[in-house]
Amino acid sequence: MNVRAAIDQRLSEALSACTGRNSPALVQPASKPEFGDYQANGIMAAAKRLKTNPRELATAVIDTVALDDIVEQLDIAGPGFINIFLSAEFLAARLAREQPLVSPAQHPYTAVVDYSSPNLAKEMHVGHIRSTIIGDAVAKVLECLGHNVIRQNHVGDWGTQFGMLITYLTETGANSQVLEDLEEFYRAAKQRFDADADFATRSRLAVVGLQGGQPELRRQWQRFIDISLNHCQALYGRLGVSLSREDVHAESAYNDDLPNVIESLREQGLLEESDGAQCVFLDEFKGKDDQPLPVIVQKSDGGYLYATTDLAAVRHRHNQLNAQRVLYFTDARQVLHFKQIFAVARKAGFADAAMSLEHHPFGNMLGKDGKPFKTRDGGVVKLAELLDEAEARAFDLVTQKNSELGEDERREIARVVGIGAVKYADLAKNRTSDYHFDWDQMLAFEGNTAPYLQYAYTRVQSVFRRGNIDVESLTGETAPSEPAERTLAVTLLRFQEVLEQVAADAYPHYLCTYLYELASQFMRFYEACPVLTAPGKVRDSRLHLCLRVAETLKNGLGLLGIETVERM
RNA sequence: GCGCUCGUAGCUCAACUGGAUAGAGCAUCGGCCUUCUAAGCCGAGGGUUGAAGGUUCGAGUCCUUCCGGGCGCGCCA
């Protein structure tokens with residue numbers, strides 16, 4: 001149940017009845033504890049429009065609204081806020097064992113989530129991590145709310161770079177099953193491509209052959225793609241990312257459809273030739289010197305571009321996948337590109353007005369010094385090495401904190417904590433601007449970090465372990481009385497509204513902020529309210545509250561693709 | 001040149017269609033372990049939200065101008 005939405009709806013109805021026009025109540029979580037659990041901000045604006053006294057209007061709304069089943073008390077405060085206090089009965093009823101803390105959306109829809117999308121010519125590096133984990137978290141949240149999620153890993157597997165790679169492999173006879181080697185070959189091939197004009201020509205011919213379906217070239221290419229995808233899958237596995245081979249819908253998959261895209265644009269009179277290239281010009285895009293800005297869909301040599309592929313993808317997602325929402329997670333440099341693609345797609349009818357096309361951009365990963373994140377010698381940081389280091393650092397830490405645990409268990413904790421720390425540090429700040437990657441900060445494991453949340457979870461588990469608690473034997477009820485208990489209870493009930501917000505805005509950091517708040521409140525509760533030594537009924541109530549906290553932490557972290565351990 | 005984006009405490013970040021005294025963590029300083037794990041809790045200091053105007057009951061949030069950073073702007077993706 002979305003408590004906030006329920007209160008908002010009823011207060012909005014009451015407010016609208018009082019004002020005689022549609023007036024939103026604007027209910028939010030209260031900004032301070034003394035203002036209650038939620039607050040309504042909409043009275044002042046409504047009173048303003050009616051030129052009436054906001055406090056009087058608030059009184060009328062409170063007299064009108066029916067919230068007795070949820071709310072204990074409604075106060076008018078300040079210039080015309082309504083402070084909302086949830087009733088103890090309501091809290092207890094919603095937290096009872098049989099009540100789900102997450103309920104599915106009333107109107108589920110089909111959402112395509114386009115994320116990760118690495119270039120298969122290279123090993124995955126830090127530049128791929130943001131798209132991969134942010135997109136995956138949003139996909140999981142949408143799915144958890146009952147939406148039909150179609151993951152699309154739009155991997156780069158086509159184009160000149162593959163031509164030169166295949167040519168290099170064929171000509172040198174180089175052979176390997178390991179992607180790291182292939183990356184070496186890629187570097188060598190690129191060097192020859194730049195230095196040797198004949199080699200470059202042969203490479204371009206290879207691309208033509210590839211696109212034309214020449215069997216030997218296709219076989220070579222496929223072998224390479226397989227190795228590369230296996231490498232990606234291994235990393236997805238380590239990262240707890242839910243992408244599988246079935247989600248791969250590569251650039252090459254649209255190859256046969258590209259001429260149709262061009263033809264469709266031509267038929268609709270949207271195509272214009274400019275300097276030999278096929279372009280779509282739209283009035284809303286201007287380039288240098290106020291010149292119209294083209295979206296080039298076919299090069300003067302007849303080749304297609306990523307704009308063409310993306311247009312084909314939009315059409316596919318509309319016509320074949322029947323998506324109502326399409327969410328793209330790519331870096332911020334592509335904002336113009338996607339604005340253009342979306343505009344052309346709409347104009348050409350590849351997407352209708354009912355299909356929401358959303359680009360969710362994010363900034364670059366920067367090092368501590370504010371410059372692009374690189375290795376000491378200026379190289380690209382490989383994702384696999386990044387994760388290795390995270391685990392190694394976490395292992396040192398867990399050894400230092402808990403040396404009595406066996407090595408295997410410490411390794412496992414280090415894996416869960418290290419990977420979690422890297423992911424959480426990124427997910428917790430979804431800035432559209434750049435992101436500062438700082439080992440010391442994320443692996444300090446203090447404050448708003450994954451380990452803090454994971455530690456809160458282990459503390460709950462520890463209570464159950466210590467008390468030899470059989471969860472089934474509990475009454476499954478809770479009656480929060482202490483302030484720390486009450487706060488915890490109210491926060492637990494906010495899980496649903498937070499998930500819906502993440503789904504709506506595609507910002508996983510809302511979930512992180514929420515989980516951190518929940519964990520902090522649990523820590524305070526843990527200090528203030530003894531559980532195992534409390535008298536019978538209170539003990540049962542607190543144990544059930546603990547259970548709900550653990551469930552929510554595990555569930556919430558799971559949606560972020562972060563695991564938990566029983567002790568650490 | 002045009003466009004997009006960002007600028008909040010020493011550092012990294014929050015602040016939900018404009019709401020109450022701008023909040024956290026790190027760092028600094030001071031308390032709390034014979035009682036469920038101290039990777040914790042409690043407290044203190046730290047701010048002209050880049051600058052100046054404007055809109056209004058109310059602006060970190062909206063508008064204008066300026067300053068500073070990042071990115072993009074015809075056949076790469």
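In what follows, chains carry the letters A, B, and so on, assigned in the order in which the sequence lines appear, proteins first and then strands, with residues in each chain numbered from 1.
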Item to complete: Could you check whether A:F35 gets within reach of a base, just the sugar-phosphate, or nothing at all, counting any heavy atom under 4.0 Å?
Response: base
Response to the item:
As its Watson-Crick or G-U partner within any shown strand, both distances under 3.5 Å, B:G40 has B:C32
Worksheet item: Whole Å only: how far is the CD atom of A:E251 from the C1' atom of B:C76?
Response: 11 Å
Item to complete: Using the P atoms only, state how far B:C66 lies from B:C2, rounded to an integer number of Å.
Response: 9 Å
Worksheet item: Base, sugar-phosphate alone, or nothing: which one does A:D438 contact when heavy atoms must sit under 4.0 Å apart?
Response: nothing
Worksheet item: Can the ring centroids of A:F362 and A:Y435 be said to lie less than 6.0 angstrom from one another?
Response: no
Worksheet item: Side chain of A:K429: nearest nucleotide among B:C26, B:C41, B:C13?
Response: B:C13
Practice prompt. Flag the pair A:R411 and A:E391 as a salt bridge only when some basic side-chain nitrogen lies within less than 4.0 angstrom of an acidic carboxylate oxygen.
Written response: no
Worksheet item: Could you state the CG-P distance from A:L532 to B:U35, rounded to the nearest angstrom?
Response: 14 Å
Item to complete: Enter the distance from A:L305:CG to A:Q278:CD here, rounded to the nearest 0.5 Å.
Response: 11.5 Å
Item to complete: Go ahead and name the base partner of B:G60; Watson-Crick or wobble counts if both distances stay under 3.5 Å, otherwise write none.
Response: none
Discussion item. Please pick, from B:A77, B:G72, B:C4, the nucleotide with the shortest atom-to-atom distance to any side-chain atom of A:Y306.
Written reply: B:A77
Discussion item. Does A:P54 reach a base, just sugar-phosphate, or nothing at all? Heavy atoms under 4.0 Å.
Written reply: nothing
Worksheet item: Using atom C1' of each nucleotide, how far apart are B:A9 and B:A24 to the nearest Å?
Response: 11 Å
Item to complete: Have a look at A:A47 and say if it touches a base, only the backbone sugar-phosphate, or nothing, with a 4.0 Å heavy-atom cut-off.
Response: nothing
Discussion item. In whole Å, measure the gap between the C1' atoms of B:U49 and B:U21 for me.
Written reply: 15 Å
Worksheet item: Out of B:A77, B:C41, B:A39, which nucleotide sits closest to the side chain of A:Q334?
Response: B:A77
Worksheet item: Expressed as a whole number of Å, how far does the P atom of B:G25 sit from that of B:U64?
Response: 37 Å
Discussion item. I'd like to know if A:Q501 reaches the base of B:C16 with its side chain, counting only an N/O donor and acceptor under 3.5 Å.
Written reply: yes
Discussion item. Between B:C16 and A:R4, counting only base atoms on the nucleotide and side-chain atoms on the residue, is there a donor-acceptor pair under 3.5 Å?
Written reply: yes
Practice prompt. Could you tell me whether the side chains of A:N448 and A:Y424 share a donor-acceptor contact shorter than 3.5 Å?
Written response: yes
Practice prompt. Could you grab the distance from atom CG of A:L557 to atom CD of A:E563, nearest 0.5 Å is fine?
Written response: 10.5 Å
Discussion item. According to a cutoff of under 5.5 Å between the ring centres and under 30° between the ring planes, does A:F81 stack with the base of B:A20?
Written reply: yes
Discussion item. If I take atom CE in residue A:M442 and atom C1' in nucleotide B:A39, what distance separates them, rounded to the nearest angstrom?
Written reply: 17 Å
Practice prompt. Could you check whether A:H337 gets within reach of a base, just the sugar-phosphate, or nothing at all, counting any heavy atom under 4.0 Å?
Written response: nothing
Worksheet item: Is a donor-acceptor pair below 3.5 Å formed from side chain A:N83 to base B:A20, judging by atom type as modelled?
Response: yes
Discussion item. Classify A:L336 by what it touches in the nucleic acid, base, sugar-phosphate, or nothing, heavy-atom distance under 4.0 Å.
Written reply: sugar-phosphate
Item to complete: Using the C1' atom as the reference point in each nucleotide, state the distance between B:U12 and B:C6 in Å, no decimals.
Response: 15 Å
Discussion item. Does A:M44 reach a base, just sugar-phosphate, or nothing at all? Heavy atoms under 4.0 Å.
Written reply: base
Worksheet item: NA contact type, A:A425, heavy-atom cut-off 4.0 Å: base, sugar-phosphate, or nothing?
Response: nothing
Fill in: Pi stacking test for A:Y455 and B:G40: under 5.5 Å apart, planes under 30°
no
Response to the item:
Side-chain atoms of A:H436 come closest, of B:G19, B:G70, B:C13, to B:C13
Worksheet item: Can we call the ring centroids of A:F193 and A:Y186 under 6.0 Å apart?
Response: no
Response to the item:
Using Watson-Crick geometry (N1-N3 plus N6-O4 or O6-N4) or G-U wobble (N1-O2, O6-N3), each under 3.5 Å, B:C71 is paired with B:G3
Discussion item. Regarding A:Y510, tell me which of base, sugar-phosphate or nothing describes its non-hydrogen contacts under 4.0 Å with the strands shown.
Written reply: sugar-phosphate
Item to complete: Identify which nucleotide among B:C42, B:C75, B:A39 has an atom closest to any side-chain atom of A:L397, counting heavy atoms from C-beta outward.
Response: B:A39
Worksheet item: Taking atom C1' in both B:C4 and B:U48, what distance in whole Å separates the two?
Response: 29 Å
Fill in: Among B:C6, B:C41, B:U17, the nucleotide that comes nearest once only the side chain of A:E527 is considered
B:C41
Item to complete: Select base, sugar-phosphate, or nothing to describe what A:V398 touches, counting heavy atoms under 4.0 Å on all strands.
Response: base
Practice prompt. Please report, rounded to the nearest Å, how far the C1' atom of B:C75 is from the CG atom of A:L311.
Written response: 15 Å
Discussion item. Using the P atom as the point on both nucleotides, what is the distance between B:U61 and B:A52, in whole Å?
Written reply: 13 Å
Fill in: Nucleotide paired to B:A51 in any strand shown, Watson-Crick or G-U, under 3.5 Å
B:U65
Worksheet entry | Pairwise P distance, B:C13 and B:U8 [rounded to whole Å] | 10 Å
Item to complete: Return the nearest nucleotide to the side chain of A:V335; candidates are B:C6, B:C4, B:C75.
Response: B:C4
